[in-house]
Amino acid sequence: MNDKTDEARVDPRQLPADSFTDSDIVRIQLVNSAASNAYRLSEYAQMVGEDQAQAGDYVRLAKVHDANDSLMRDAVVAERVRGTSWEILAEALGVSPEEAEREWGDAEARWRRATPVTSVYRKDPGFHAAAADKYITTDNPRPFGPGGGQPLSASLDAAAHINGRDVAAADQAFAGASVCAHCSR
């Protein structure tokens with residue numbers, strides 16, 4: 001790890017569950033969804049590569065992976081929770097804003113209605129943030145580049161008081177607004 005990562009080291013399991021913002025929780029959920037999809041696809045590749053399949057498994061499992069839109073759903077919800085408009089999402093998805101909202105609006109509404117009883121991410125965000133950190137920093141999700149990315153917990157709003165992160169600046173940067181009036185960043 002580099003010095004910047006060491007300085008920002010936070011054990012998200014030690015943070016109070018109510019200190020995590022909606023933005024934190026949705027980002028934790030998105031990283032875990034991406035990691036889960038990556039693991040499933042690597043298992044699929046291994047099954048194909050090692051010829052462990054039964055007749056029909058290639059298609060059956062490919063159909064499951066293709067039909068599984070959990071990563072896209074979680075990505076759209078994360079964008080919406082963090083303030084991205086349907087117009088910007090529609091442009092990214094190649095559809096009209098109305099189509100985007102019709103397709104993904106219910107997922108956003110369900111996410112916003114979730115409680116610690118109905119969502120494992122809301123119930124114990126620190127546990128899931130730690131799992132995301134482990135995946136990012138040790139499971140080498142980038143096989144063609146160096147592993148050891150900066151942990152998600154270093155950029156969580158819940159950890160800002162520990163690592164000195166400027167939450168308002170990060171939110172402005174995500175929304176595309178200038179953070180620094182002097183340097184346009």
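Owing to the predicted nature of the structure, the values given are computational and were not obtained by experimental measurement.
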*From Asp124 CG over to Ile25 CD1, what is the distance, rounded to the nearest 0.5 angstrom?*
10.5 Å
*Applying side-chain contact (heavy atoms from CB on, under 4.5 Å), name anything that partners Ser119, two or more places apart in sequence or on another chain.*
Ala114, Tyr121, Arg122
*At their closest point, which heavy atom of Leu30 faces which heavy atom of Ala78, and how far apart are they?*
CD2-CB, 3.9 Å
*Can you list every pair that meets salt bridge (charged side-chain N to carboxylate O under 4.0 Å, His left out) and has a residue in residues 96-105, with sequence neighbours left out?*
none
*Going from NE2 on His128 to CG on Asn32, what distance comes out if it is rounded to the nearest 0.5 angstrom?*
7.0 Å
*Arg80 side chain vs Thr84 backbone, donor-acceptor pair below 3.5 Å*: yes
_Within this structure, what is the CG-CG distance for the pair Asn37 and Asp74, rounded to the nearest 0.5 Å?_
8.5 Å
*Any Val77 side-chain heavy atom under 4.5 Å of Trp104 side chain*: no
*For residues Val31 and Ala132, report the shortest heavy-atom separation together with the two atoms involved.*
CG1-CB, 3.4 Å
*Can you name the nearest heavy-atom pair linking Ala158 to Ser19, along with the distance?*
CB-O, 3.2 Å
_Looking at Val81, is its backbone amide N or carbonyl O close enough to the side chain of Asp22 to form a donor-acceptor pair, meaning the two atoms are under 3.5 Å apart?_
no
_With rounding to the nearest 0.5 angstrom, report the CG to CG distance, Asp24 to Asp157._
4.0 Å
*Return the minimal non-hydrogen interatomic distance between Trp86 and Ala100, and the atom names on each side.*
CZ3-O, 3.4 Å
_What I'd like to find out is whether the side chain of Val76 reaches to under 4.5 Å of the side chain of Leu89, using heavy atoms alone._
yes
*Closest approach of Ala129 to Pro12 (non-hydrogen atoms, all atoms of both residues)*: CB-CB, 3.6 Å
*asked:* So, taking the atom named CD in Glu79 and the one named CG in Leu93, what distance separates them when rounded to the nearest 0.5 Å?
replied: 9.0 Å
*Taking C-beta and beyond as the side chain, do Leu156 and Arg27 meet within less than 4.5 Å on heavy atoms?*
yes
*Quick one: pull up CH2 in Trp111 and CZ in Arg73 and give me the separation to the nearest 0.5 Å.*
12.5 Å
*asked:* Test of understanding: clusters of I, L, V, M, F, W, Y form through side-chain heavy atoms closer than 4.5 Å, transitively. Do Leu15 and Val120 belong to the same one?
replied: yes
